[in-house]
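To keep things clear, I will list the structure first and then write my remarks on it.
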Number of protein chains: 2
Amino acid sequence: MENSRGSEAAPDQSCRTDPSCYCQLGGVLELLSRKHAIQVICLVGEIGPVRYGEIETAFGEVSSSTLSTRLEELVEAGYLAREQYDEIPPRVEYDLTMTGEQLQQRLQPLLEWAVIHEEFEESAA
Amino acid sequence: MENSRGSEAAPDQSCRTDPSCYCQLGGVLELLSRKHAIQVICLVGEIGPVRYGEIETAFGEVSSSTLSTRLEELVEAGYLAREQYDEIPPRVEYDLTMTGEQLQQRLQPLLEWAVIHEEFEESAA
DNA sequence: GTTTATACTTCGAAGTCCGAAGTATTGGAG
DNA sequence: CTCCAATACTTCGGACTTCGAAGTATAAAC
């Protein structure tokens, strides 16, 4: 109890100013720190409504089980919308929700930087 | 194949315009999609040189094994610098490298949004 | 009747994470 | 002299996550 930053009972209101609060973040971050989650959000954001197969192809190397788990979670969390058409062969389309778009906007700069950064690293190697 | 840059059949030059390229991103993203990685970067960015114990405390609930693995990886990847002082009891400080700062700048908006978003979700529940 | 297309499941093996306990060091208390 | 505190980690068995090859369901096309 030496400083006013330390959180005891209610760190909620200091959250926006207390950086250590970031460490406590569950929800979105927990989801984003699972495999492919960030990339999926950005892919869907870029190429609009996408079919499952297109996502799988874009990744090249994904395990379909992991990918479908990830999609399910993102739908469940409200970042993706899943539209199913009753046709044969089946068709399913994924798109960002409004919340998903907000997320994607924050993710975009990161991925753009990552692309450049990766290119740089490779050329330096 | 008029693409002279690709080492294989890689779509390197279209990378910045081809969104599916995001899916192929390894490196940084693979690292960031491990537990606590994003939060660690931002914490260190916010509260400057930090000691191991401070990070651990800020998280509250982390397994020390996972945290130290993460720190090691981030140092190894060049986002964090680790300074060790030969004192008793031992003292180690972590800080962002220049690259780490670039990364943190891209991460910051995401975390800020996550905090707000989380608060909103909680109040809606 | 077999093939084709799609969006997933299933399941055992491999990899990652957890958390309680331990390691090494030495100045200070008893 | 012995014990404890302080710090930054390891260690290890068990739990959780991801992998990837194979399978499921459907009906139109060949």
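In what follows, chains carry the letters A, B, and so on, assigned in the order in which the sequence lines appear, proteins first and then strands, with residues in each chain numbered from 1. All values below come from the heavy atoms of this structure, side chains included, with hydrogens, waters and symmetry mates left out.
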**Prompt:** Are Glu54(B) and Arg51(B) close enough, and set up right, to give a salt bridge (charged side-chain N to carboxylate O under 4.0 Å, His left out), and what steps lead you there?
**Reply:** CA-CA 5 Å; Glu54(B) 297 181 271; Arg51(B) 299 180 61 165; 5.3 Å; no

**Prompt:** OP1 or OP2 of dA7(C) less than 4.0 angstrom from a side-chain nitrogen or oxygen of Ser64(A), does that happen here?
**Reply:** no

**Message:** If the cut-off is 4.0 Å, is Lys35(B) near the phosphate of dC18(C), judged by side-chain N/O to OP1 or OP2?
**Reply:** yes

**Message:** If you assign Thr69(A) and Ser68(B) each to the DNA chain D nucleotide with the nearest heavy atom, which residue ends up on the more 5' nucleotide?
**Reply:** Ser68(B)

**Request:** Would you mind reporting whether Glu83(A) and Pro49(A) have side-chain heavy atoms less than 4.5 Å apart?
**Result:** no

**Message:** Using modelled atom types and a 3.5 Å cut-off, is there a donor and acceptor pairing between side-chain atoms of Arg34(B) and backbone atoms of Ser33(A)?
**Reply:** no

**Prompt:** Does Ser63(A) make a side-chain N or O approach to OP1 or OP2 of dC19(D) shorter than 4.0 Å?
**Reply:** yes

**Asked** In whole angstrom, what separates Glu72(B)'s CD from dC17(C)'s C1'?
**Response** 15 Å

**Request:** Check the distance between dC8(C)'s P and Glu56(A)'s CD and give it to me in whole angstrom.
**Result:** 10 Å

**Message:** Below the 4.0 Å mark, does dT16(C) have OP1 or OP2 next to a side-chain nitrogen or oxygen of His36(B)?
**Reply:** no

**Prompt:** Going by the angle between their ring planes, with limits at 30° and 60°, are His36(A) and Phe59(A) parallel, tilted or perpendicular?
**Reply:** perpendicular

**Beyond-backbone contact of Leu111(A) with Arg106(B), side-chain heavy atoms, under 4.5 angstrom** = no

**Item:** Spacing of CG belonging to Leu74(B) relative to CG belonging to Leu103(B), to within rounding of 0.5 Å
**Value:** 8.5 Å

**Message:** dA7(C), OP1 or OP2 - any side-chain N/O from Arg91(A) closer than 4.0 Å?
**Reply:** no

**Prompt:** What is the distance, rounded to the nearest whole Å, between atom CG of Leu32(A) and atom C1' of dT17(D)?
**Reply:** 17 Å

**Item:** Atom-to-atom span, CD1 of Ile55(A) to P of dC8(C) - whole angstrom
**Value:** 9 Å

**Item:** dC19(D) phosphate, OP1 or OP2, under 4.0 Å from Ser65(A) side-chain N/O
**Value:** no

**Asked** Could you give the CD-to-P distance, from Glu87(B) to dA8(D), as a whole number of Å?
**Response** 10 Å

**Complete:** When Tyr52(A) and Ile88(A) are each assigned the nearest nucleotide of DNA chain C, the 5'-most assignment goes to Ile88(A)

**Message:** Looking at Glu93(B) and Arg91(B), is there a salt bridge between them, counting it only when a charged N and a carboxylate O are closer than 4.0 Å?
**Reply:** yes

**Message:** If the cut-off is 4.0 Å, is Tyr94(B) near the phosphate of dC9(D), judged by side-chain N/O to OP1 or OP2?
**Reply:** yes

**Asked** Tell me: CG of Asp86(A) to C1' of dA28(D), nearest whole Å?
**Response** 16 Å

**Prompt:** Between Gln108(B) and Gln104(B), is any side-chain donor less than 3.5 angstrom from a side-chain acceptor?
**Reply:** yes

**Complete:** Overall bend of the helix from dG1(C)-dC30(D) to dG30(C)-dC1(D) (five pairs an end, 10° steps) is 30°

**Prompt:** Within the structure, does a side-chain N or O atom of Arg70(A) lie under 4.0 Å from either OP1 or OP2 of dT17(D)?
**Reply:** no

**Asked** Quick one: is Arg51(A) getting a side-chain N or O under 4.0 Å of the dT6(C) phosphate, OP1 or OP2?
**Response** no

**Prompt:** 5'-most contact on DNA chain D: Pro89(A) or Arg34(A), nearest heavy atom basis?
**Reply:** Arg34(A)

**Message:** Using a 4.0 Å cut-off on heavy atoms, which residues in residues 76-85 of chain A reach DNA chain C? List them by number, or say none.
**Reply:** Arg82(A)

**Request:** Run the numbers on Leu67(B) and Val40(B) for side chain to side chain contact (heavy atoms under 4.5 Å, CB included), then give the verdict.
**Result:** CA-CA 9 Å; Leu67(B) 180 56; Val40(B) 165; 4.0 Å; yes

**Item:** Side-chain touch Val28(B)/Leu31(B), heavy atoms, less than 4.5 angstrom
**Value:** no

